[in-house]
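All remarks here apply to the structure that follows.
Note on naming: letters A, B, ... go to the chains in the order of the sequence lines (proteins, then strands), and numbering restarts at 1 for each one.
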There are 2 protein chains.
Amino acid sequence: MTHKTPKKQYHHGNLRQQLLDTAAVLIREDGEPALSMRKLAEKLGVSRMAPYHHFEDKEALLCGVAEAGFERFMHSVMAVATDLNALEVTPYSKDHLCLFVTTYLNFATQHPEYYNLMFGGHLWQSTTITDSLRDAGHAAFRSYVDMIRAWKNADAINPAVDPLRFAQLSWSTLHGMSRLFIDGIYVDEGVLTHLCHTATDSFWAQLHG
Amino acid sequence: MTHKTPKKQYHHGNLRQQLLDTAAVLIREDGEPALSMRKLAEKLGVSRMAPYHHFEDKEALLCGVAEAGFERFMHSVMAVATDLNALEVTPYSKDHLCLFVTTYLNFATQHPEYYNLMFGGHLWQSTTITDSLRDAGHAAFRSYVDMIRAWKNADAINPAVDPLRFAQLSWSTLHGMSRLFIDGIYVDEGVLTHLCHTATDSFWAQLHG
DNA sequence: AACGCAAACTTGACGGTGTCAAAATAGCGG
DNA sequence: CCGCTATTTTGACACCGTCAAGTTTGCGTT
């Protein structure tokens, strides 16, 4: 008979998870390029090579962090979708759309340490990107397209709209806005909320033109 | 009386410029993170510290490369603007708009080594970004807003459109598309041209709604 | 023509990085 | 208790950015 859960199964315990969490914290504090495996290991009171038993190399670790980011991201979006009623937002309305837009940008600007890895070129251009990360990314996009298809199936938008095409363009806009704010090219907080509304207007027009 | 131009003013000659050019080449080949000052110096047959006489540190060098990118970028955009007649594109037409969109994306996708530095977070988030680079970036955006103002002054768009607001949103879209293609998240070449047209349609609608 | 001087370049050294290889240790099933 | 595997450690290496101090070069002045 095995123990129910091997709580502390070794010297340190649940390293792997702590590596992911602490890496995210360190990246948030000092930026991704400043993260070093050695400092990360030291922060967890473990020798420099210990992390390599849980992640093949630094990039694999970052892929893991990005994957965790996708989990959080999906959770955020799902949460808003289910809380529509509680928020007194009527489905398929412009407010609904705006809520989605602001949710996306809030995640991006409030969790840049995740967003950068999730949608940055560093990992996606790399030849060693994890299969699971690639899947998570594709799944996220697919669920976005599915969301638009749902609008279409509910006769909430112009039937001539191509969901895939609209998804590609609108995601580009959301992604571009996110990047410009995260990268500090756009700075003003007020501009953000205003831009969210302008973007929503544009999306709404595309969906009903 | 000084010489008109000090052609070969020292051992090596016009290093500074070769540093900028070769750095761009190396980044294009292996990506920005793979660029090292030492390899760059060696490639030019010069000792490792030589570059530091022309650029304070690695980041300053990258700022220089980015600045060169802005020059090329502005040149590309200007060239299209002046060649409108030769290309048989009537000013302020939808084709005109589409031409601008494709020009932007062509630059981004064909010169990622410059685009990444010009509009990437690496330099803009850094506290040590060069003043001249900052100026170049702002100038580029300002000239974009001015272009839209010109359309407005020519009564070519809906007078209710706020040029700054439209510039921010449309630039976000262009930037987002560029990033997604450069980062290899969107891959298909055909999708690019199609997305350019979809984006143009959206912009056109915003300008004439 | 000689000199001086500043600009351009080199060499040595230091602390930091990712990670390969091999040794050490811990915990669990038999 | 033994042995086996999962986990962690230590040593070593090549590479990186760059500070400090030395060396070369070429031009302007005398």
Where do N or O atoms of nucleotides 14-16 of chain D meet protein N or O atoms at under 3.5 Å, pair by pair?
| from | atom 1 | to | atom 2 | distance (Å) |
| --- | --- | --- | --- | --- |
| D:dC16 | OP1 | B:Ser36 | OG | 2.9 |

All heavy atoms of A:Leu123 vs all of A:Leu117, minimum pair found to be CD2-O, 3.7 Å
B:Tyr52 atom OH is separated from D:dA21 atom P, nearest whole Å, by 18 Å
Just N and O in the side chain of A:His54: are any of them under 4.0 Å from OP1 or OP2 of D:dA6?
no
B:Gln17 atom CD is separated from C:dA8 atom C1', nearest whole Å, by 17 Å
Between CG of B:Leu15 and C1' of C:dT10 the distance, given in whole Å, is 13 Å
**Asked** Under 6.0 Å between the ring centres of A:Phe107 and A:His75?
**Response** no
Taken to the nearest whole Å, CD/A:Glu42 to C1'/C:dG15 is 14 Å
So the side chain to side chain donor-acceptor pair (under 3.5 Å) pairs with at least one residue in residues 176-192 of chain A (sequence neighbours excluded) are A:Asn116-A:Arg179, A:Arg179-A:Asp183
| message | Ring-plane angle category for B:Trp124 and B:His138, please: parallel below 30°, perpendicular beyond 60°, tilted otherwise. | response | tilted
Would you call the rings of B:Phe70 and B:Phe73 parallel, tilted or perpendicular, taking 30° and 60° as the class edges? perpendicular
From CG of A:Asn14 across to P of D:dT7 the rounded distance in Å is 12 Å
ask   = Does B:His53 put a side-chain nitrogen or oxygen below 4.0 Å from OP1 or OP2 of C:dC9?
value = no
Among C:dT19, C:dA13, D:dA20, the one nearest any side-chain atom of B:Arg48 is C:dA13
Taken in chain and number order and not counting sequence neighbours, the residues that satisfy salt bridge (charged side-chain N to carboxylate O under 4.0 Å, His left out) with B:Glu67 are none
Here the distance between atom P of C:dG18 and atom CG of A:Leu62, to the nearest Å, is 10 Å
To the nearest angstrom, the CG-P distance between B:Leu44 and C:dC9 comes to 11 Å
Separation of D:dT8 atom C1' from A:Gln18 atom CD, nearest Å, is 15 Å
Tell me if the centroids of the rings in B:Phe119 and B:Tyr114 come within less than 6.0 Å of each other. no
